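Reviewing the structure listed below.
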Amino acid sequence: MINKKSNASKALQGLLTLALVGSTNAALVGHWAFDEGSGTTAGDSSAGGNDGAISNATWGSDATRASYLSFNGTTSSVVDPSMSLPVMTSTNDFTWAVWANTAVAPRNGNGSNNSQTNAVILGNRKDGANSDLPSTANRQFIKFTPTNFEWHQNANGNDNQAYADLVVGEWTHLAVVKTGTSIQLYQNGAAIGGPATLTEDLSTAVAMPLFIGGDVGNSSVNEAFNGFIDDVRIYDNALSLGEVQVLAGVPEPSSLLLGAVGFGMMLRRKR
């Protein structure tokens, strides 16, 4: 059983250390904590201010994550922050992080795919109007699913990265860090192999939307997540291993912990 008080104390110490003396000047460009507990808007507490419109997702809570959003596996169940991701290049960096808990086994008993294998936890599959980006010939999308981080460029998944399938009823922290042409995955704070080097040419990359729990306008139920999502974070910098582990090490970061991170980042920006 998780000792929340002990974890919170250790996390606070780690956060203060990372915030005050760490070298990564990470900038949150999107943070949907899903702490509202009611209503049809998921507030973005980052400087980006891209509040998410909630469609057919319901609020839930438990002893581990407190408030979260529950998605029902239909194409209309999604959060849309009306946010475009930057065009991917061979030099830009980012970090994505999310807590996820699937309500459906990602694979059938015989190992074959079912709908949850392709579901969008965080990212995109189409352009918000059921069309490929930029076209079928050069199709691009980026998403966390219950089984993979899919980096799909130039109509292929050569750079997709697999991790252990999500377990029904179990909260899992997923993070991915892109540093130039390097991709590093983390599951519950542990690095998954890698880092892997991207092999696909990014010269045709285009700006893509960001969705949570599915895709706006996507007609394929196979892309719709059936389960729970919490604490979605998008950074425009590459977080360090220690910073990812801090995000993954606390069941529900308190306002004090989050304040420590913000304060530390402010001090580092003033250097």
Side-chain angles (χ1 to χ4, degrees), residues 18 22-32 44 46-48 50 81 83-100 118 120-127 133-134 138-164 166 172-212 215 229 231-248 261 265 268-269:
L18 287 167
S23 60
T24 302
N25 188 19
L28 265 173
V29 295
H31 181 205
W32 301 271
D44 175 13
S46 77
N50 294 294
M83 176 180 177
S84 291
L85 298 167
V87 175
M88 298 302 162
T89 70
S90 60
T91 59
N92 65 355
D93 302 341
F94 68 70
T95 301
W96 293 9
V98 59
W99 285 94
N118 296 319
V120 179
I121 295 173
L122 174 63
N124 60 77
R125 169 58 181 86
K126 296 193 175 183
D127 65 351
L133 280 169
N138 295 311
R139 184 177 58 240
Q140 301 171 22
F141 56 82
I142 305 174
K143 61 178 178 175
F144 273 121
T145 78
T147 62
N148 291 271
F149 175 70
E150 298 191 8
W151 178 275
H152 192 101
Q153 298 286 330
N154 303 319
N156 70 70
N158 291 341
D159 292 321
N160 290 353
Q161 305 293 317
Y163 40 77
L166 297 189
T172 299
H173 189 262
L174 301 172
V176 61
V177 177
K178 178 183 180 293
T179 309
T181 57
S182 173
I183 290 284
Q184 179 64 64
L185 283 179
Y186 298 91
Q187 192 170 38
N188 291 326
I192 307 298
T197 300
L198 298 175
T199 62
E200 287 300 311
D201 176 25
L202 300 178
S203 62
T204 61
V206 298
M208 293 180 284
L210 179 75
F211 302 120
I212 302 168
D215 246 352
I229 298 176
D231 198 36
V232 176
R233 294 166 177 262
I234 304 292
Y235 296 83
D236 67 1
N237 285 62
L239 292 191
S240 68
L241 168 62
E243 287 168 316
V244 170
Q245 289 177 330
V246 166
L247 295 180
V261 171
M265 288 179 179
R268 280 156 32 188
R269 288 187 180 281

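All residue numbers refer to positions in the sequence shown, counting from 1. Keep in mind the model is a prediction, meaning the values are calculated, not measured.
Side-chain contact between T95 and R233: absent, with no pair of heavy atoms (C-beta onward) separated by less than 4.5 Å. The shortest side-chain heavy-atom distance between D93 and Y235 does not fall under the 4.5 Å cut-off. Contact annotation: the side chain of N118 approaches that of K143 to within less than 4.5 Å [non-hydrogen atoms, C-beta and beyond]. Counting heavy atoms from C-beta on, the side chains of R125 and R139 come closer than 4.5 Å. Contact annotation: the side chain of T204 never approaches that of Q153 to less than 4.5 Å [non-hydrogen atoms, C-beta and beyond]. T172 is not listed as a side-chain neighbour of P146, based on a closest heavy-atom distance of 4.5 Å or more. The shortest side-chain heavy-atom distance between Q161 and V176 does not fall under the 4.5 Å cut-off.
Scanning both residues, P209 and L133, for their nearest heavy atoms gives CD-CD1, 3.5 Å. Across A248 and G189, no two heavy atoms sit closer than the pair CB-N, 3.5 Å. Summarising the geometry of A205 relative to V87, their closest heavy-atom pair is O-CG1, 3.4 Å, with the distance given to 0.1 Å. Counting all heavy atoms, side chain and backbone alike, A27 lies closest to N237 at N-OD1, 3.8 Å. The minimum heavy-atom distance linking Y163 with F149 is given by the pair CE2-N, 3.3 Å. A pairwise comparison of heavy atoms in L185 and A162 identifies CD1-O, 4.1 Å as the closest pair.
Put simply, the residue from I229, L122, I234 that forms a side chain to side chain contact (heavy atoms under 4.5 Å, CB included) with W32 is I234.
Legend: residues meeting ring pair (Phe, Tyr, Trp, His ring centres under 6.0 Å) with W96, ordered by chain and number and at least two apart, are F94.
Not one N or O on the side chain of N148 forms a donor-acceptor pair closer than 3.5 Å with the backbone of T145. Remark: side-chain polar atoms of Q187 are not paired, donor with acceptor, to backbone N or O of I192 under 3.5 angstrom. Judged by distance alone, the side chain of D231 and the main-chain N or O of V98 form no donor-acceptor pair under 3.5 Å. Side chain of S240 to backbone of E243: a donor-acceptor contact under 3.5 angstrom is found. For N158 (side chain) and T199 (main-chain N/O), no donor-acceptor pair under 3.5 Å exists by modelled atom type. For D44 (side chain) and H31 (main-chain N/O), a donor-acceptor pair under 3.5 Å exists by modelled atom type.
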>> One pair to check against side chain to side chain contact (heavy atoms under 4.5 Å, CB included): L239 and L247. What are the steps and the verdict?
In response: CA-CA 10 Å; L239 292 191; L247 295 180; 3.7 Å; yes
> Going through the checks in order, is the side chain to side chain contact (heavy atoms under 4.5 Å, CB included) test met by E200 and N156?
Replying inline: CA-CA 9 Å; E200 287 300 311; N156 70 70; 3.3 Å; yes
> Step by step, would you call N50 with L210 a side chain to side chain contact (heavy atoms under 4.5 Å, CB included)?
Replying inline: CA-CA 11 Å; N50 294 294; L210 179 75; over 6 Å; no
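Between atom CZ of residue F211 and atom CG of residue N124 there is a gap of 7.0 Å, rounded to the nearest 0.5 Å. In this structure, N154 CG and S203 OG are separated by 7.0 Å, a value rounded to the nearest 0.5 Å. For the atom pair M88 CE and Q140 CD, the distance stands at 9.5 Å (nearest 0.5 Å). Rounded to the nearest 0.5 angstrom, H173 NE2 and N188 CG are separated by 8.5 Å. Taken from CG in L174 to CD1 in I121, the straight-line distance is 6.0 Å, to the nearest 0.5 Å.
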